[in-house]
Each structure stands twice: as C-alpha cells, then as structure tokens.
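Working notes, structure below.
Excluded from the calculations below are hydrogen atoms, water molecules and symmetry mates; all remaining heavy atoms, backbone and side chain alike, are included. Predicted model, so just to flag it, every value in this text is computed and none were measured.
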Amino acid sequence: MSDSEKRTFTDEEALSFHRYPTPGKIAITATKPMATQRDLSLAYSPGVAVPVLKIAEDPESAYDYTAKGNLVAVISNGTAILGLGNLGALASKPVMEGKSVLFKRFADVDSIDIEVSATDPDEIITVVKNIGVTFGGINLEDIKSPECFRIETELQELLDIPVFHDDQHGTAIISAAGLINACFITGRELKDVKLVLCGAGAAGIASLELMKAMGLAHENCIAVDNTGVIYRGRPEGMNQWKSAHAVDTDARTLADAVKGADVFIGLSVKGALTQEMVASMAPNPLIFAMANPDPEITPEEVHAIRPDAIVATGRSDYPNQVNNVLGFPYIFRGALDVRARRVNMEMKIACANAMALLAREDVPDEVAAAYHGVQLKFGPEYIIPSPFDPRLISYIPPFVAQAAMDTGVARKPIADMDAYRASLAQRLDPTAGFLQKLQGAVLKSPKKRIVFAEGEEPSVIRAAHAFQSAGLGKAILVGREELVLENMKLAGLDPADVSLEIINARVSAYNPAFADFLYARLARQGYLKRDVVRLINQDRNSFAACMVALGHADGMVTGVTRSYDQALEEILRVIDPEPDGRVIGMSVLLAKSHTLFIADTSVTEMPEAEELVDIAIEAARAVKAMGYTPRIAFLSYSTFGNPMGQRSEKVREAVAMLDEMDGIDFEYEGEIPPDLALDMEKRANYPFMRLTGPANVLVMPAIHSAAISTQLVQELGAATVIGPILLGLEKSVQIAPLSASVSKILQMATLAAYEQDLADG
C-alpha cells in the first residue's frame with residue numbers, strides 16, 4: 001500500500017490487530033462434538049479406524065470422511081512478498097494467514113498456510129508433492145519468477161488436485177475480465193486488439209497466455225521487460241517463458257511499442273508509462289496500470305491528456321480495481337465442489353467471462369460500500385465487479401464448475417446447477433453482509449455529523465478517524481483539545497494529517513444556549529440553573545446530546561467510559577423518545593444459519609404486557625427499515641401455557657393485546673420456546689401456529705433473559721452480536737459497550753449515521 005492510498009489505521013493498530021486477543025488470524029475449530037468419552041472414541045481410536053480402512057480401500061472416499069474436499073493449502077517461500085520482495089518464508093506468514101482468511105470470508109473455503117524455508121524449486125516441489133494428498137487444492141503464493149512457473153507446472157503433473165499460483169492467474173483472470181468489458185464498451189473485437197504488456201514476470205506472462213487463449217492474436221502482442229521489447233532473436237535476459245511471446249518487430253522500447261496500441265497491460269513499476277506514450281496510443285485506449293503499490297501511471301495523469309481512455313489499476317481508491325480476491329476464492333470453490341483434478345485454461349476463461357457478465361448486471365446497493373457510496377453502473381468506470389458484491393459466490397463458481405465438467409477434469413459432476421447456486425448463497429458470511437449493507441446505505445446518503453462524546457479516549461479517536469476516513473460522515477470529538485491531540489499522537493495518528501473537529505465542552509460558544517435549553521427541560525425536576533450549567537460544562541454526554549438535540553450534529557456515540565444505564569439516563573435528560581414510540585435496545589445476532597434480532601436487550605428490566613407489545617412494534621419497525629420481513633416470536637420457557645408462570649402470563653397477555661389491535665402488519669406468535677420459534681420441523685403438534693417461516697425477531701420476556709442469552713452466544717463464539725442498537729429516540733444516539741474496541745465503536749457510529757438516514761426518510 002502506498003502512502004498516498006487511503007489508510008484508516010496506524011502501524012501500531014495493525015500490529016495490535018494481528019497480536020490480540022490471540023496471535024495470528026486463523027484457528028482450527030472442531031466440526032464434531034468432543035464432549036464425552038464416546039465422542040472421543042468415535043473421533044479417534046477405535047472409531048477412526050473405520051474410515052481409515054474405507055479410505056485405504058477407496059482413496060476417493062477421503063472426500064466423504066475427511067475435510068480434504070474443502071481444504072486448501074496456501075503455500076509460499078516468501079521470495080516475492082506483496083511489493084516488499086524476498087523477505088523469507090517466516091515473514092510471509094501474516095500474508096498467507098490473510099489469504100486463508102480471505103478464502104473463508106469470501107467463499108467458505110477452509111485453508112491453512114504453509115511456509116517453506118527453501119528457494120530451490122526442486123525442494124519446494126518435493127515438499128508440496130509429499131503433503132499434497134492432505135488437501136483438495138494448492139494455492140501457491142508470493143514465489144518469485146521464473147521459479148514459480150516451473151514449480152506450478154511440475155506440481156500440476158505430479159498431483160491430482162488443483163494447483164494454482166494466484167500471483168499469475170488471479171491477476172490474469174481479473175484483468176482479462178476487465179479487458180472483455182473494455183473492448184465491449186469501445187466496440188472492439190479481442191482478435192483485432194493490439195496489446196502491449198509492460199512487465200514480463202509471473203502475472204504478466206500468465207495474463208498474455210490467458211488473453212491469447214481467449215482469442216487475442218499472438219502477432220498483435222508485444223511484451224516488454226526491463227531490458228526492452230521481447231523480440232524474436234533477442235539474446236539477453238530471455239527464458240523459455242518469455243521466448244514463447246517473442247514477436248517479429250522493429251520496436252525496441254516501450255515508447256516504440258505503445259504507438260498505435262489499443263491496450264496497455266502494466267505489471268511493472270511506478271512511472272513506466274508516460275503521458276507522451278499514452279498520447280501516442282490508439283483512440284479510446286485501454287490502460288491497465290496494475291503495478292503495486294503505485295501504478296505505472298495514475299488515472300488522473302491519463303485522463304488529463306486522454307479523456308477517452310478506460311483505466312484500471314490495482315488500487316482500491318480508483319475505479320476498476322484489479323483485485324485478486326475477485327478470483328481465487330471462487331475458482332477454488334467451483335473446483336473443489338466438483339472435485340476437479342486441476343484448474344485448466346477453460347476454467348480460467350469461464351471465470352473471466354463470468355466476471356465480465358456480472359459487471360454488466362444491475363449493481364446492488366451493498367456494492368456502494370466499496371466505492372464510497374457511489375451507485376455504480378456498467379461503463380468506463382465500472383468494468384470489473386466490486387470484491388464486495390454479494391452475488392460473486394453464487395455467480396462465478398457455477399461457471400468454473402461447469403467448465404471443469406465439460407472438460408472432463410471433474411470427478412463429482414453437479415446434477416442440479418440451480419440447487420448448487422442456491423446452496424452457494426447460503427455460504428455468505430452473514431456478519432460481513434450485514435455490516436456491508438449498513439455501510440453501503442450510509443455511504444450513499446448525505447454525510448452525517450456524528451459526535452463522539454468521549455473524544456479524549458484513544459480508542460474513540462481511532463474510531464472517529466476511521467469513520468471519517470472511510471467517508472461514512474463527519475466526526476466530531478468532544479474533549480480538551482490538548483489532551484485529544486496528545487492521545488492522538490499516542491494512538492499513532494499525526495494531528496497535522498487528521499482533520500477531526502474537536503470541541504471543548506468547557507469553553508464552547510454553544511454553552512449558554514445549551515444551558516438554557518436543558519434548564520427549560522429540567523427546571524421542574526429539581527435542577528437549579530447552576531446544576532444545569534455544570535452538566536453542560538462537565539458532562540460530555542449532556543453536551544454531546546445537546547449538540548444532537550439542537551441540530552449541531554446528526555447523531556452521537558458514547559458508552560466507552562461508563563455503564564450503559566448511566567449513559568442512557570444522561571441522554572434521556574436531553575433527548576425524548578419518539579412520539580408514541582418506545583426506547584428499546586435491539587441486538588442483532590448473526591449466525592451461519594440465522595440472522596436474528598433480539599429485543600429488548602438493554603432498557604426495560606421486567607416489561608409488562610403493554611410494554612412487550614411496544615417492544616415488538618418498535619423492533620418490527622426497525623427490522624423492516626433494514627430490509628427484512630419481521631416474523632416475531634414472543635419467547636418464554638413455556639409453550640402455549642404449559643407450564644404457566646408469572647412471566648409467561650405477561651407474554652400471553654401481550655399476544656392477546658396484539659390480536660385485538662388494528663394495523664399490525666407483521667407476523668407474530670407466542671408464547672413459545674426458542675426451538676419452536678426457529679425450527680419449522682418441530683411444529684407438528686401445534687398446527688395452529690401463525691408464523692409462515694422461522695422467526696427472525698425474538699421478543700424476550702425480560703431484560704435478563706435477553707442480555708444473558710445474547711452475551712452467552714457471543715462469548716461461546718456461536719454467532720456475532722451487533723449492538724444493542726438503541727431505538728425509539730427522537731434523535732439518533734448509540735451507546736457502545738463499556739471499554740469497547742475500535743471496531744465496535746466504529747460499528748455504533750455507523751449505526752448512528754444509519755438510524756439518522758432512516759429518520760430522514
């Protein structure tokens with residue numbers, strides 16, 4: 001990443017992220033119960049002997065009895081780490097762990113990183129050959145050229161599983177998809193395009209090979225390396241892979257080669273392509289400047305002289321990012337699901353074509369999160385899908401799987417491709433999808449001013465900086481300026497580079513107006529004017545809430561330094577509930593198979609029946625606003641009166657009250673336990689139940705059951721819990737957990753901006 005590319009974290013924060021609470025980014029979790037002696041006997045000796053014998057008899061059955069079929073090895077020797085060079089095998093481990101995380105996040109592929117302390121290709125080949133039987137696929141990474149060509153080629157012959165060097169083919173596939181669409185937009189045929197490659201390394205050679213396999217004419221391609229044009233008969237700096245792309249040409253420099261060219265593919269170094277060279281290219285030039293971390297030429301430099309150009313880079317802060325995460329997770333997903341023996345050229349072409357087709361479809365709102373709220377449409381600035389497009393997982397793997405089946409490398413063909421697509425969609429990470437949807441909505445809307453009440457806290461400063469840097473809104477810190485700036489430095493941020501607004505509550509020009517406003521509210525509640533002045537001067541929640549109440553900010557985040565109840569009490573002095581609304585806390589529980597909304601998790605301790613009704617109505621309103629269809633279950637330990645109890649009676653009364661109300665536009669049922677609410681198959685004894693599907697909004701009988709259940713689920717790692725989200729106030733306020741992390745504070749700030757967007761309508 002270059003200094004000029006946006007970065008919303010410090011070096012210290014990156015190190016802390018990788019170190020705490022557990023070193024590294026991956027762990028192993030058992031998929032079977034391991035609680036009893038019987039479990040252990042089945043998992044290990046003597047039970048494990050049964051699948052051992054089955055696999056010895058039929059090696060293919062390893063896919064049925066082990067994790068092999070969804071397990072990829074991410075292997076590197078660290079000789080070409082990102083743009084950092086040869087730093088050794090161990091230094092590559094954070095990158096390889098990161099690759100494993102991306103496999104899981106985007107395609108639900110399990111993977112493990114393996115760093116090999118060897119630079120001799122023969123040694124690496126021997127290691128991978130001997131461990132290859134463990135895995136369903138091998139992803140080679142950050143191995144320098146030209147050794148990577150030989151390593152991949154020989155391993156493909158030695159192993160009966162896909163071996164894929166992502167540095168080569170990932171870049172090739174995504175850039176090929178972009179080229180397909182750029183040609184489509186400019187009315188070109190691939191076979192007629194004149195193309196120049198600058199950078200004949202692993203990715204460059206692979207890109208040429210793939211594009212030629214797709215129809216690009218060999219004689220129309222000129223490759224250039226740091227020696228110059230690769231022409232037929234060139235004596236110096238050649239190898240067998242470069243020689244395959246040598247052509248008869250009089251061009252000897254990059255400037256010679258690009259004259260009249262339609263396409264520039266750059267995988268070299270910053271500054272390699274000049275404006276003069278761009279000016280000499282054909283009309284509507286297609287420029288893929290993908291050098292890492294800085295492109296051969298920036299889009300601004302290109303468009304200054306060639307506004308007709310279509311430009312792609314490897315960077316996230318420009319349109320048309322060539323990002324390998326668009327490719328490798330979905331290629332392996334499709335290959336693994338048909339038990340492919342290899343990733344062949346046809347599968348790579350299928351992936352590129354699928355990616356190109358997806359970019360032409362209407363872009364969902366969630367994708368706006370990747371482009372700072374801009375609603376994208378297929379065209380010169382959107383020729384490649386966003387890595388955060390939720391459709392990728394269900395769109396691309398079927399193309400790859402079908403190509404594997406058509407070319408005979410699939411050992412387990414898919415009979416029902418429609419069912420396969422549906423199953424792929426279920427593999428999406430619900431947490432990432434939920435947060436991405438929120439961010440996309442916030443980024444699309446006019447930017448909101450969010451005040452961070454505890455602005456002197458380092459974690460709050462970092463969260464505010466991340467919020468503003470990500471384009472989510474304007475962050476305002478409440479605190480003493482000298483202390484905020486001091487803690488900013490301690491947090492690794494340079495105050496000169498961080499344009500965060502700081503307001504000192506003690507000396508603010510707002511104070512007189514805030515004091516008058518608050519005194520008018522509290523005078524008949526035992527507060528003297530001097531008490532109110534003290535609150536405004538000394539209590540940052542009171543000050544920040546006044547900012548929101550009087551329109552100087554759109555939303556507020558607090559809670560890091562004090563309890564939830566205390567923070568809420570301070571806020572309610574200043575901001576009223578919505579008319580006919582109810583203040584509640586709603587937690588979002590994101591599990592693999594369910595997205596659940598739990599209410600009330602933070603406000604009303606022992607709700608009466610009327611309060612339970614209000615909680616249900618408020619939760620249903622919020623859930624609908626988030627794009628879900630609410631199906632509400634009033635939970636209890638009893639099932640329709642069996643056994644009866646004081647709390648269950650309140651729940652029964654609440655359901656009866658809803659039955660008598662007009663205008664209820666959501667499904668509800670109760671009182672029922674969680675299993676009946678969530679599992680449709682358990683309802684045979686209760687044919688009168690009204691829910692048409694599993695409940696997604698659980699109204700708890702009391703705050704203790706709501707808070708305990710959500711916190712327990714989160715601590716056990718069974719799901720991710722967002723919130724509690726504070727609902728029902730006239731203004732947007734969110735209360736983070738005590739001592740919340742930077743990520744959690746950022747989540748709550750995003751929710752504050754999102755809630756205000758909903759209020760604005």
Can you tell me if [X] uses its side chain to pair, donor with acceptor, with the backbone of [Y] under 3.5 Å?
{"X": "Glu454", "Y": "Gly559", "value": "yes"}
{"X": "Arg631", "Y": "Pro694", "value": "yes"}
{"X": "Gln734", "Y": "Ala752", "value": "no"}
{"X": "Asn696", "Y": "Leu596", "value": "no"}
{"X": "Arg540", "Y": "Gly479", "value": "no"}
{"X": "Glu667", "Y": "Thr692", "value": "yes"}
{"X": "Ser508", "Y": "Ala505", "value": "no"}
{"X": "Arg421", "Y": "Tyr395", "value": "no"}
{"X": "Arg333", "Y": "Ala107", "value": "yes"}
{"X": "Glu671", "Y": "Ser636", "value": "no"}

Shortest non-hydrogen separation from Val721 to Thr710 and the atoms involved: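 Shortest heavy-atom separation between Val721 and Thr710 comes out as CG2-O, 3.6 Å.
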Sequence neighbours left out, what pairs pass side-chain hydrogen bond (donor to acceptor under 3.5 Å, both in side chains) with at least one residue falling in residues 605-615?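 Listed by first then second residue: Arg582-Glu611, Glu608-Lys650.
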A quick test of your reading: do over 12 heavy atoms of other residues, nucleotides or ligands sit less than 6.0 Å from CG of Asp580?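 For Asp580, atom CG is not crowded (no more than 12 foreign heavy atoms under 6.0 Å).
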Just checking Tyr686: does its OH atom have more than 12 heavy atoms from other residues, nucleotides or ligands closer to it than 6.0 angstrom?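 Atom OH in Tyr686 is crowded, with more than 12 foreign heavy atoms closer than 6.0 Å.
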Leu589 side chain reached by Ser709 side chain, heavy atoms, under 4.5 Å: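 No. Closest side-chain heavy atoms not under 4.5 Å.
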Strictly by salt bridge (charged side-chain N to carboxylate O under 4.0 Å, His left out), give each pair with a member in residues 565-574 just once, sequence neighbours left out.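 Checked against salt bridge (charged side-chain N to carboxylate O under 4.0 Å, His left out) - neighbours excluded - the pairs reaching residues 565-574 are Arg562-Glu570.
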Sequence neighbours excluded - salt bridge (charged side-chain N to carboxylate O under 4.0 Å, His left out) pairs with any residue from residues 687-714: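 Of all non-adjacent pairs touching residues 687-714, those that pass salt bridge (charged side-chain N to carboxylate O under 4.0 Å, His left out) are Asp659-Arg690, Glu669-Arg690.
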Salt bridge (Lys or Arg N to Asp or Glu O under 4.0 Å) between Lys529 and Asp516: does it pass, once the steps are laid out? CA-CA 8 Å; Lys529 183 64 178 284; Asp516 289 344; 3.0 Å; yes
Strictly below 4.0 Å, N to O, side chains only: are Arg534 and Asp539 in salt-bridge contact?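 Salt bridge flag = no for Asp539 with Arg534.
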Candidate pair Asp554 and Lys474, rule salt bridge (Lys or Arg N to Asp or Glu O under 4.0 Å), full reasoning: CA-CA 10 Å; Asp554 300 298; Lys474 170 72 174 176; over 6 Å; no
As a quick check of understanding, evaluate side chain to side chain donor-acceptor pair (under 3.5 Å) for Ser386 and Asp389, giving each step before the final call. CA-CA 5 Å; Ser386 163; Asp389 192 322; over 6 Å; no
